[in-house]
Amino acid sequence: PYLSHEGIVVETADGEVINAKHNLWAEPLSYSIRRYLQVQVHQLTGEPVSTHSTRPGDVAYTIDVLIHQLHGTESGTVMMVATWRIGNSNADEAAIEHEFVATEKLTADGYPALVQGHKLLLNALAEEIATAISALPKPE
């Protein structure tokens, strides 16, 4: 639930998460992460990627991503925990399911470095998803 807040989140040494009051995301993360991953996966695979489908059967695969944790820490890292799945639109079961857990060491102090760390983790997630998509059979 803390990802629904406007502030950039940092976890303190005692495990408390704090939302920044003055360092805010430009738009809701639920939208911006979806759009960012859409663009990155498309650039990596060359495949069209849509954030929604208007009719069943419009797409061969669906991608579901659930971000469990995405925040900075006082120790100078950004962490991300997510689960993702690629579903075959012609079958009930997932083609691929995976958990993504990663951290990124910040190269500087401050919120700009924290945002850059978020971006690097999202890029790594997009690369993992793109690699999985590339290994799937091409739809007919």
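These figures come from a predicted structure and were not determined experimentally.
- Distance check: Phe100 CZ to Ile67 CD1 gives 8.5 Å after rounding to the nearest 0.5 Å.
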For residues 124-137, tabulate all N or O donor-acceptor pairs below 3.5 Å that involve a side-chain atom, not counting sequence neighbours.
from	atom 1	to	atom 2	distance (Å)
Glu128	OE2	Trp84	NE1	2.8
Glu128	OE2	His98	NE2	3.2
Thr131	OG1	Glu127	O	2.8
Ser134	OG	Ala130	O	3.0

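- The two atoms that bring Ala108 and Ala113 nearest to each other are O-CB, 3.3 Å, heavy atoms only.
- The main-chain N or O of Val49 is found under 3.5 Å from a side-chain atom of Gln38 such that the two form a donor-acceptor pair.
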From CA spacing to verdict: side-chain contact (heavy atoms from CB on, under 4.5 Å), Met80, Leu122: CA-CA 8 Å; Met80 181 178 195; Leu122 288 169; 3.6 Å; yes
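- When hydrophobic clusters are built by joining Ile, Leu, Val, Met, Phe, Trp and Tyr residues whose side-chain heavy atoms come closer than 4.5 Å, directly or via intermediates, Val9 is grouped together with Val115.
- Here the closest non-hydrogen pair linking Asn19 and Gly7 is OD1-O, 3.5 Å.
- Here the CG-NE2 distance, from Leu114 to His71, works out to 10.0 Å after rounding to the nearest 0.5 Å.
- Once rounded to the nearest 0.5 Å, the distance linking CD of Glu16 with CD of Glu74 reads 9.5 Å.
- Between Gln40 atom CD and Lys119 atom NZ the span is 7.5 Å, to the nearest 0.5 Å.
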Worked check of side-chain contact (heavy atoms from CB on, under 4.5 Å) between Met79 and Glu11: CA-CA 10 Å; Met79 66 176 303; Glu11 180 181 14; 4.0 Å; yes
Gln116 and Tyr111: CA distance, side-chain angles, deciding distance, side-chain contact (heavy atoms from CB on, under 4.5 Å) verdict: CA-CA 9 Å; Gln116 181 62 26; Tyr111 284 100; over 6 Å; no
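- By the criterion of side-chain heavy atoms lying less than 4.5 angstrom apart, applied directly or through intervening Ile, Leu, Val, Met, Phe, Trp or Tyr residues, Ile18 is not grouped with Leu70; the two fall into different hydrophobic clusters.
- Val78 and Val81 fall into different hydrophobic clusters, where Ile, Leu, Val, Met, Phe, Trp and Tyr are joined by side-chain heavy atoms under 4.5 Å apart, directly or via other members.
- The structure places CG of Leu106 at 8.5 Å from OG of Ser75, a figure rounded to the nearest 0.5 Å.
- In the hydrophobic clustering of this structure, Leu37 does not group with Leu44; members are Ile, Leu, Val, Met, Phe, Trp, Tyr whose side-chain heavy atoms approach within less than 4.5 Å, directly or through other members.
- Note that CD of Glu104 and CG of Leu121 are 5.5 Å apart. Values are rounded to the nearest 0.5 Å.
- In the hydrophobic cluster analysis, where Ile, Leu, Val, Met, Phe, Trp and Tyr join through side-chain heavy atoms closer than 4.5 angstrom, Val65 is grouped apart from Val101.
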Residue pair Thr83, Glu97: steps toward the side-chain contact (heavy atoms from CB on, under 4.5 Å) verdict: CA-CA 8 Å; Thr83 51; Glu97 293 186 60; over 6 Å; no
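- Within a 6.0 Å radius of CD in Gln69, more than 12 heavy atoms belonging to other residues, nucleotides or ligands are found.
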